[in-house]
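Note sheet for the following structure.
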Amino acid sequence: MEENIQMLKELNENMQKLRNIENEINMLELALYQKNIEEIKEKKITEITKFFERQSKFYNQKTEKYKKDIENNIEKYNMQIEKLILIYDKIYMESLRLKQNAIDNGKIAIANIVTLEEKIKSNNITEQEENVIKKTIIACAQKKLNYEVIVDECDARIKWCIENSLSDIEEVFKNNMNKMQIYNENIVNKIRRIIFNKFMGKNKYIKFLKSYETEYLEDIKNKNDLKILDLAYVLKAIEKQMKIANKQIANEYTKMIYN
C-alpha cells in the first residue's frame, strides 16, 4: 500500500514537471503559429503591392500619383486577411484552452487517487467506506484516461488549425488575377503600348484601380465570408463536442462509484 502511495506521489510530481514542459511547448507552438501567419500575411501584402507597381509601369504611370487609391485597395485586402486570421486564432486558442483544462482535470484525478490511497491506509474507515473509496479510485483512474483522449483531440485540432490556416490564406488570397495579368509582348507591340499609354495610360490605370476594387476585392470578400462561416461552425462544433465529452466523463465517473 505504501509503495502504491509513493508511486502515485511520484507520478503526481512527474505530471507537474510534464505540465511545465507542455506549457513551454504550447507557447513555442503558439509563437510558431503566429510567426507563420504573420509571414504569409506579409507575403500576400508584398505580392499585391508589387502587382500594383507592375501595372503602373505597364500603363506608364507613377504609383505616387495614385498612392491613396492603391493604399485603400491594399488596406481592404489586408482587412480581409485579418478577418480570416481572427477566426483561426479563436479556434486555436479555444483548442488550447480546452487542452489545458483537460490536463488540469487529469492532474486533479491523480491527486485525488493519492489522497484516497492515504485514506485507506489510515485504517479509520469501515469496510463499506473502503469499498466506496476503492470504486472511487478506479473511477478517478478512468477519468484521467478519458481526459487524455480530450488532450489528444485538442492536439489534433491545433495541428489542423496550423495547417489549414496557411492553406486557406493561400487559397482565398491567390494573386494570379488572370484577367489582369501582364503578358510578354514583342518589341513592336511594346512600342505601340508605350506610345498609346503616353496619352491614355492615366485613364486606363484609373479604370484598372476601380475595377480591382469592384471585381477582384469583391470576389475575395465573398470567398472569405464563406470560409469564415464554415470556420465559425467548426468553432461551435468543437465547443459543443467538448461540453458533451465533459458531461459524459462526469456521468461515467458517477456510475462507476454508485452502481
Side-chain angles (χ1 to χ4, degrees), residues 18-52 70-105 147-181 212-213 215-246:
L18 181 60
R19 174 69 196 282
N20 293 336
I21 294 172
E22 286 175 338
N23 281 339
E24 292 178 8
I25 292 173
N26 287 339
M27 292 304 102
L28 287 172
E29 286 179 342
L30 177 58
L32 181 60
Y33 162 77
Q34 292 172 333
K35 180 175 180 289
N36 289 339
I37 287 289
E38 191 60 30
E39 284 179 351
I40 194 170
K41 186 181 80 168
E42 289 178 3
K43 172 191 169 187
K44 290 300 173 183
I45 296 300
T46 299
E47 285 177 358
I48 205 65
T49 301
K50 287 182 178 179
F51 175 72
F52 282 120
I70 292 172
E71 287 180 348
N72 181 56
N73 279 329
I74 293 175
E75 178 60 25
K76 288 181 178 179
Y77 182 83
N78 183 57
M79 284 173 62
Q80 291 299 321
I81 296 178
E82 290 288 354
K83 282 169 62 179
L84 185 57
I85 291 173
L86 179 61
I87 188 66
Y88 266 113
D89 284 350
K90 288 181 178 179
I91 293 173
Y92 190 106
M93 296 309 296
E94 179 63 7
S95 299
L96 185 58
R97 184 188 70 81
L98 292 168
K99 174 185 175 179
Q100 290 177 334
N101 184 62
I103 291 172
D104 287 341
N105 284 329
Y147 280 122
E148 285 297 323
V149 173
I150 291 182
V151 170
D152 290 341
E153 176 66 22
C154 289
D155 279 335
R157 285 293 182 186
I158 289 171
K159 183 179 178 182
W160 174 89
C161 193
I162 292 170
E163 293 173 354
N164 279 49
S165 59
L166 301 179
S167 62
D168 277 351
I169 292 173
E170 285 285 6
E171 177 190 339
V172 175
F173 299 92
K174 273 181 184 174
N175 282 316
N176 57 356
M177 292 169 284
N178 294 324
K179 292 181 180 179
M180 300 179 182
Q181 198 67 278
Y212 177 86
E213 182 175 1
E215 293 176 19
Y216 184 69
L217 274 178
E218 187 62 26
D219 182 57
I220 280 183
K221 182 181 181 302
N222 292 335
K223 289 179 180 177
N224 205 35
D225 286 345
L226 287 174
K227 184 67 68 175
I228 290 169
L229 184 61
D230 286 342
L231 292 169
Y233 285 131
V234 169
L235 179 59
K236 286 186 178 180
I238 292 173
E239 293 169 345
K240 184 178 180 180
Q241 180 188 21
M242 289 301 111
K243 283 181 181 178
I244 292 172
N246 281 308

Revision key, fill the gap. For Y92 and N26 the tightest heavy-atom approach is OH-O, 4.4 Å

Check your understanding: Could you go step by step and tell me if R157 and Q241 meet the side chain to side chain contact (heavy atoms under 4.5 Å, CB included) rule?
Key -> CA-CA 12 Å; R157 285 293 182 186; Q241 180 188 21; 4.1 Å; yes

Check your understanding: Between D219 (side chain) and E215 (backbone), is there a donor-acceptor pair under 3.5 Å?
Key -> no

Check your understanding: Is there a donor-acceptor contact under 3.5 Å linking the side chains of D89 and Y33?
Key -> yes

Review point. Looking at I40 and I37, what are the two nearest heavy atoms and their distance?
Key: CG2-O, 3.2 Å

Point to revise | From T49 atom OG1 to I74 atom CD1, the distance as rounded to the nearest 0.5 Å | key: 3.5 Å

Revision key, fill the gap. Value for CG (L84) from CZ (F173), rounded to nearest 0.5 Å, stands at 5.5 Å

**Study point:** Taking every non-hydrogen atom, the tightest pair across L98 and I150
**Key:** O-CG2, 4.4 Å

Practice item. Kindly indicate whether the side chain of E170, heavy atoms from C-beta on, has any atom under 4.5 Å from the side chain of L166. Key: no

Review point. Does atom NZ of K83 have more than 12 heavy-atom neighbours from other groups under 6.0 Å away?
Key: yes

**Study point:** Pairwise side-chain contact, E171 with K227, heavy-atom cut-off 4.5 Å (strictly under)
**Key:** yes

Exercise for review: For the residue pair D168 and Y88, establish whether any side-chain heavy-atom pair is separated by less than 4.5 Å.
Suggested key: yes

Practice item. Identify whether the distance between the nearest side-chain nitrogen and carboxylate oxygen of K35 and E39 falls below 4.0 Å. Key: yes

Exercise for review: Would you please test K240 and I244 for side chain to side chain contact (heavy atoms under 4.5 Å, CB included) and show each step?
Suggested key: CA-CA 6 Å; K240 184 178 180 180; I244 292 172; 4.1 Å; yes

Check your understanding: For M79, does the CE atom sit with more than 12 other heavy atoms under 6.0 Å from it, leaving out its own atoms?
Key -> no

Review point. Is any side-chain heavy atom of K44 less than 4.5 Å from a side-chain heavy atom of I48?
Key: no

Review point. Out of curiosity, K159 NZ to I162 CD1, how far, rounded to the nearest 0.5 Å?
Key: 9.5 Å

Review point. Any side-chain heavy atom of L231 sitting closer than 4.5 Å to one from K90?
Key: no

Point to revise | Electrostatic pair D225:K221 at N-O distance under 4.0 angstrom | key: yes

Check your understanding: From L32 CG over to M27 CE, what is the distance, rounded to the nearest 0.5 angstrom?
Key -> 13.0 Å

Practice item. Applying side chain to side chain contact (heavy atoms under 4.5 Å, CB included), run through W160 and I91 and close with a yes or a no. Key: CA-CA 10 Å; W160 174 89; I91 293 173; 4.3 Å; yes

Exercise for review: Kindly compute the distance separating CG (N101) from CD (E94), expressed to the nearest 0.5 Å.
Suggested key: 9.5 Å

Practice item. Answer whether the closest heavy-atom distance between the side chains of Y212 and L217 falls below 4.5 Å. Key: yes

Point to revise | Validation row: Q80, K223 side chains within 4.5 angstrom (heavy atoms) | key: no

Point to revise | D230 side chain near V234 side chain, heavy-atom distance below 4.5 Å | key: no

Practice item. Give, for atom CG of N72 and atom CD of E75, the distance between the pair rounded to the nearest 0.5 Å. Key: 8.0 Å

Review point. Is the closest basic N to carboxylate O distance between K236 and E239 below 4.0 Å?
Key: no

